[in-house]
Amino acid sequence: MKRQWLLFSAIALTALPQVMHAQDTRERHYYYEILEPRHESKPQVEGFATERVKEQLDRGMAAAPTADGQGIFISWRLLDTDPADASFHLYRSVNGKQKRLTGKALKEVCCFTDLKPVEGKAEYWVTVLDKKGKVIGTSERLSVEKPLLTNYRTIKLKTPQTRVGKVAVADLNGDGVYDYIIRTPDSNVDPGKDGDMTGRTYQIEAYLSDGTFLWSKDLGQGIEPGVWYSPFIAYDFNGDGKAEVALKTAPADAKRNAKGRVDSGEEYLSVWDGMTGREMARVDWPERNDRYGNLVRQNRNQIGMAFLDGKTPYILACRGTYKLMVVDAWELKGEQLVRAWRWDGDEENPIIRSMGAHNMVSGDVDGDGRDEMLLGSCMLDDNGTALWSAGLGHPDKAYLTDIDPERPGMEVFLALEPFHTNGRGVCMVDAKTGAQIWNINHETKHVGDGMVTDFDPTHKGLECFASEDSKGGSSDKYLLTANGDYLRRNENIPPCGSWAWWDADLLRETMQSSLTREEMMERWRSGKPSAQNIIKWADKATVTEGIEGSLQLIADLYGDWREELVMSLPGELRIYTTNIPARDRRITLMQDGIYRSYVAHRSMGYAQAPVPSYYLGE
């Protein structure tokens with residue numbers, strides 16, 4: 001300990017000790033704000049891509065019945081390739097007879113309500129017009145049969161009654177439509193308790209957007225059935241126009257110890273062909289490290305994606321959260337994985353440990369066109385060195401976006417699990433520099449959840465809210481403005497999860513059940529789907545009723561820029577979409593790099609609602 005303190009005092013730092021409680025007092029000397037880390041220089045990476053590998057999305061035509069059931073609401077995507085002054089005409093075809101439904105071309109929105117639809121089958125499509133009214137594009141056709149139309153699409157699973165635990169979305173066959181890669185069942189092993197002794201294993205399955213089953217693979221005994229052991233992510237990593245699945249694998253016949261844990265043996269980063277499940281490439285996963293002793297603490301695994309050169313999507317294989325922190329970056333060239341770099345927090349000067357979160361997100365925070373990676377309380381630069389460390393320990397939630405539109409650049413909101421007496425247990429830092437912007441200014445104990453979103457237009461920027469859990473002996477909840485003004489404590493604080501842009505304004509809505517927790521658990525045990533309503537938090541007004549299932553994913557998957565809700569029911573995925581006419585339009589959120597990163601990372605780690613790189617609120 002003395003040697004470490006002498007080392008720290010000999011280094012010129014812009015660092016201050018963080019006064020906090022730590023379960024392991026030997027780790028306290030790593031909790032330092034490091035805004036100018038010293039490390040060995042590493043070169044920038046240059047991947048195979050000559051331009052950014054992007055999903056070639058179609059127009060995303062979507063339909064839902066209107067609230068009264070009489071009309072049909074149609075919406076579609078605005079793409080980043082569309083001219084800024086593009087407009088749209090909507091057409092309908094019935095029995096070969098074509099009709100244009102729009103009188104004037106639509107310039108302000110990407111939706112239309114057909115108030116006089118036919119009762120039988122019809123096809124809808126849009127044409128794209130330039131500023132002179134010339135047709136420059138035509139969408140795919142959407143087939144609709146009014147009596148069968150619902151406000152959701154269904155993916156029937158291969159195994160009846162099974163429940164999905166994680167979902168990834170990516171274009172597996174290159175048709176411009178998002179497909180679904182799922183992990184079942186929905187059980188989870190807690191790392192702090194004994195492992196699974198039942199022989200249960202996880203399966204990864206793939207389905208096309210129309211419900212066509214593609215393949216299923218069992219992860220075997222080498223992958224424990226828990227969130228921390230089974231990360232996977234899907235994207236077009238080699239630029240061939242079709243998505244692959246990258247994941248942690250292990251020999252199927254791996255042995256578990258007396259507590260049901262896999263504590264030895266080989267572990268891999270594998271890449272599977274998205275259409276067939278065939279293993280295309282395999283390398284070693286970041287190795288276990290005995291210098292950290294506790295297997296529970298070091299065996300936290302995540303997987304990610306970042307455009308490290310601004311063009312090529314690299315795969316990130318990560319081990320460690322609470323002490324050990326190691327990341328390997330890999331490029332998929334054809335069917336070969338090539339290592340770009342390794343980052344080990346112990347190689348930083350000062351050492352960076354214990355700053356990891358339950359998730360990650362990547363995006364360009366310093367304006368160089370290349371992605372950085374927010375791992376929690378620290379940010380990695382694109383070349384595999386630390387950009388900064390806030391020195392605050394493990395955040396249960398960390399959000400990267402433009403929280404305060406009156407400040408230049410993006411910010412990071414942190415809700416931190418370690419006890420803090422210095423006010424920084426709930427705080428905001430600059431995304432580029434890590435410098436503190438504001439903090440909650442009082443002691444916190446185990447802040448277990450947090451969120452940033454605009455639900456109240458009377459305050460500028462996104463509201464920031466967080467809640468403690470009973471592990472710290474407190475259940476306090478907090479609400480602050482984007483600039484750190486304290487609004488209130490405990491009373492009328494919204495829930496931190498399940499926020500979506502659903503209705504016509506730029507405020508975000510949340511989901512709320514009318515059932516008690518006991519009623520919800522009873523429905524779950526009996527196999528009956530729970531039902532939730534979408535509400536406006538400010539006045540508790542119900543926007544949409546009867547969203548069934550458990551939430552797996554929030555994302556702008558089709559239709560206009562509002563979001564879809566991917567819900568899990570026994571033997572089924574349901575993807576709910578809004579039927580509320582929009583009042584404006586914007587490029588599909590999935591073409592914003594940070595928003596797409598949030599959605600990509602939702603298939604591993606703990607759930608967080610996605611947010612874009614720009615300010616999105618009233």
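- Residue pairs meeting the ring pair (Phe, Tyr, Trp, His ring centres under 6.0 Å) criterion with at least one member in residues 169-202, sequence neighbours excluded, do not occur.
- Taking every heavy atom of both residues into account, Gly376 and Leu414 meet most closely at O-CD2, 3.5 Å.
- Judged as a salt bridge (charged side-chain N to carboxylate O under 4.0 Å, His left out), not a single pair has a partner in residues 226-241 (not counting sequence neighbours).
- Pairing each heavy atom of Gln302 with each of Ala357, the nearest pair is NE2-O, 3.0 Å.
- Within the structure, ring pair (Phe, Tyr, Trp, His ring centres under 6.0 Å) pairs that include any residue of residues 253-275 comprise Trp215-Trp272 (at least two apart or interchain).
- Residues Asp366 and Lys432 are not paired through a salt bridge, judged by the lack of any N-O separation under 4.0 Å between the basic side chain and the carboxylate.
- Ring geometry for His394 against His358 counts as perpendicular: the plane angle is over 60°, on a 0 to 90° scale with 30° as the lower cut.
- Aromatic rings of Tyr314 and Trp341 (six-membered ring for Trp) have centroids beyond the 6.0 Å cut-off, not under it.
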For Glu266 and Arg282: C-alpha separation, side-chain torsions, deciding distance, then whether salt bridge (charged side-chain N to carboxylate O under 4.0 Å, His left out) applies. CA-CA 12 Å; Glu266 297 174 315; Arg282 177 201 291 179; over 6 Å; no
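- More than 12 heavy atoms of other residues, nucleotides or ligands sit less than 6.0 Å from atom NZ of Lys42.
- Annotation: cation-pi pair Arg370/Phe307 absent, no NZ/CZ under 6.0 Å from the ring centroid and within 45° of its normal.
- Two residues are said to be in side-chain contact when any heavy atoms from C-beta on lie closer than 4.5 Å; Asp309 and Asp382 fail this criterion.
- Of all the heavy atoms in Val227 and Asn188, the pair that sits closest is N-OD1, 2.7 Å.
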Give the intermediate values and the outcome of salt bridge (charged side-chain N to carboxylate O under 4.0 Å, His left out) for residues Arg339 and Glu331. CA-CA 6 Å; Arg339 192 200 300 264; Glu331 177 187 4; over 6 Å; no
